[in-house]
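Notes to accompany the following structure.
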Amino acid sequence: MTALLHERVSAAARRWPAAIAIVMRDRRVTYHQLDDASTRLARTLREAGCRDGDRVGLLLPKSIDAIVAMLGVLKARALYVPIDVQNPAPRAARIVDACRPRVILAAASAAPLLAELRAVSPFAAEARVGWLGVPPPAEAQAAGFTQDDVDAQSAAPLSISGEPEARAHILFTSGSTGLPKGVVINHASVAAFLDWALPHFGYQPGDRVSGHAPLHFDLSTFDIYGALSAGAELHLVPPELNLLPGKLARFIRERELVQWFSVPSVMNYMARMDAVRPGDFQALRRVLWCGEVLPTPALIHWMERLPHASFTNLYGPTEATIASSYYRVSGVPSDPAANIPIGKPCGGERLFVLDAEKRPLPPGEIGDLYIAGAGLAAGYWEDAEKTAAAFVPAVDGNGLMYRTGDLAKLREDGEVVFVGRADTQIKSRGYRIELGEIEAALGAIDALQEYAVVAVDRDSFEGATVCCAYAAKPGRELPAAELRTLLSARLPAYMLPTRWAALDGLPKNGNGKIDRRRLQDEVFAT
Ligand code: AMP
């Protein structure tokens, strides 16, 4: 089967034209409509000057239009760059300046963000703008095209000569220096995962699968291309349901979902709020999670109530595309303290647990986890140095392997167990956050004398709690609420610390460095 993702979706549209492809709130599209709409957009993008390998920024909330946009960009042989519309303009500007999009596709609701972006970013100001859906008022419209222009195009398939573009999209994740890192994903890496996952999980046409992850998250790639190449129905979960476990449960129940796939914090929250009833979700056949550790008590809660479903832990970083290993939990764990393995490599992937000299470690010994195989990203966008540091020659002599920054150990039976991080990257509510990115944003605040951000693992549904200790410059008043407001102009809400400590000075260790351990163990202990 072709490795090109949009061609897989078009192939599904030829087989099941009248089948429902995507449902979001009260809107739905068939495969035929999706295929036509994305072709029209591809034609418009080419007319707007988009060429092979150009980037197209997406300033679109989670919606059917956003997925039409992704497919349209791929058909135009460009790369899409989803930009979280919750980002404050300065952070979105760093992404836009890094990828220099030819076109930005925007929804009317993102018009204020786009206007701010265009004021601070020359590349945003230069990009042509395509308004999808209902356009904003004329005075808010930047030069470009609207949905009417797209709808006026022919839906006849585009034919463009030359080799198709290998790269599909760029996903920006938190970067420790304050600059988001762009992971460049090839069509073939996603296709390789699908070639393993669809038969493995037994996808069937008409299956109703969840689309829980935000569309700028790697996990959503599985939701989208998994469902849409199998003739399944993708049910996008409205983001406002996220903090409402009862409503999420109702969504699974009423949509009669066959598959639920989310980050563990959501499943944990639902378990804690007792949102899953015994024998609930009768249509549900599989529950998958990825992105962080699912606390075993939450897993037990789900498994006890849903004996009819299978439960699989997926593990993998964005840099290795969706997931690299899996572990199907065969029975309800008897011990709530049991550590559920991240398991064995998915088809086409290899996992290595290595010591500091990159020698394989025997079972039981903790080392660095590396991934090699078909899912490996093409590297970091225009950053040869970071790419070379993270993607190194594989120990088995076969291509490259990615240093995940995760610590792991092998079990005697060959299953890999996740132990923790070797650095200060954390997960909070499923979001990947480099504490260094928060510190870099604090560094720009003049009133601060010193500051440190640490994560504290508390027994809460959100995972790690992000804590900020700071001391203001002598004579400067800086209440935490004010600091939070200053920071929120630079960082998305999910990166904002939730605990604060205003100190006269930060504790130091013997080397005179900020003693982060003491901050964790004493200042933020309770
Ligand atoms: P992301 O790039 O957002 O997918 O984050 C990747 C990181 O999330 C990995 O390097 C791990 O630290 C963590 N992670 C992903 N999946 C799992 C899992 N199943 N169990 C534990 N940690 C995970």
Side-chain angles (χ1 to χ4, degrees), residues 82 84 169-176 180-185 189-190 193 197 212-223 261-268 287-296 298-299 311-329 338-346 349 351-353 366-372 375-377 379-381 386 390-391 401-409 411 415-435 437 455 457 462-464 492 494-495:
D84 181 3
H169 54 181
I170 309 176
L171 297 176
F172 278 84
T173 74
S174 182
S176 56
K181 281 192 296 201
V183 184
V184 183
I185 310 283
S189 299
V190 179
F193 181 77
H212 179 273
L215 301 183
H216 54 275
F217 251 40
D218 169 46
L219 301 189
S220 69
T221 317
F222 180 29
D223 297 331
F261 178 40
S262 76
V263 287
S265 48
V266 173
M267 290 173 61
N268 193 17
V287 178
L288 320 175
W289 64 94
C290 185
E292 56 193 332
V293 175
L294 173 64
T296 307
L299 174 62
F311 288 81
T312 305
N313 182 15
L314 290 167
Y315 158 87
T318 307
E319 286 85 341
T321 314
I322 307 169
S324 311
S325 74
Y326 71 103
Y327 181 82
R328 179 166 170 177
V329 187
N339 190 343
I340 305 300
I342 55 173
K344 296 221 164 88
C346 305
E349 307 297 315
L351 260 53
F352 306 106
V353 180
I366 297 174
D368 295 309
L369 182 58
Y370 290 80
I371 300 170
L376 237 53
Y380 296 112
W381 173 250
K386 268 206 189 92
F391 296 82
M401 62 180 183
Y402 170 67
R403 185 179 201 278
T404 62
D406 291 325
L407 298 173
K409 61 183 177 188
R411 272 191 348 194
E415 306 285 355
V416 179
V417 175
F418 173 84
V419 177
R421 289 289 305 174
D423 58 16
T424 60
Q425 178 184 302
I426 60 144
K427 282 293 174 91
S428 181
R429 278 162 284 171
Y431 289 99
R432 168 169 160 177
I433 301 172
E434 293 283 355
L435 297 182
E437 179 165 0
D457 267 317
E462 63 183 12
Y494 66 81
M495 280 198 195

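Whatever order the structure lists ligands and atoms in, that order sets their numbers, starting from 1.
- Listed for the T321 side chain is a donor-acceptor partner under 3.5 Å among the backbone atoms of G375.
- In this structure the side chain of T318 never reaches within 4.5 angstrom of the side chain of K181, judged on heavy atoms.
- Looking from atom 3 (O) of ligand 1 to the surrounding protein, the closest heavy atom is K427 NZ, 3.2 Å.
- Of the protein's non-hydrogen atoms, the one nearest atom 11 (C) of ligand 1 is D406 OD2, 3.2 Å.
- Checked by distance only, ligand 1 and Q425 stay at 3.5 Å or farther apart across all their nitrogen or oxygen atoms.
- Without hydrogens or angle criteria, E292 side chain to S265 main chain gives a donor-acceptor distance under 3.5 Å.
- For T318, a nitrogen or oxygen atom sits less than 3.5 Å from a nitrogen or oxygen atom of ligand 1, counting backbone and side chain alike.
- The protein atom (non-hydrogen) at minimum distance from atom 16 (N) of ligand 1 is G291 N, 3.0 Å.
- Applying the 4.0 Å criterion to heavy atoms of R421 picks out, from ligand 1, the atoms 10 (O), 12 (O).
- Of the protein's non-hydrogen atoms, the one nearest atom 4 (O) of ligand 1 is G316 O, 3.3 Å.
- Of the listed residues (L407, L294, I426, L314), the one carrying the non-hydrogen atom nearest atom 19 (N) of ligand 1 is L314.
- By the criterion of a heavy-atom distance under 4.0 Å, the backbone of E292, and not its side chain, is placed next to ligand 1.
- Considering every non-hydrogen atom in both R421 and D406, the closest pair reads NH1-OD1, 2.7 Å.
- Annotation: the span from F311 atom CZ to L294 atom CG amounts to 9.5 Å, rounded to 0.5 Å.
- The proximity of N313 to ligand 1, defined as any non-hydrogen pair under 4.0 Å, is limited to the side chain.
- S324 pairs with exactly one of T404, V416, L314, L351 by the side chain to side chain contact (heavy atoms under 4.5 Å, CB included) rule, that one being L351.
- A pairwise comparison of heavy atoms in I426 and A455 identifies CG2-CB, 3.6 Å as the closest pair.
- The protein heavy atom nearest to atom 6 (C) of ligand 1 is P317 CA, 3.5 Å.
- N313 contributes a side-chain N or O that, together with a main-chain N or O of P341, makes up a donor-acceptor pair within less than 3.5 Å.
- Contacts between Y315 and ligand 1, counted as non-hydrogen atom pairs separated by less than 4.0 Å, involve both the backbone and the side chain.
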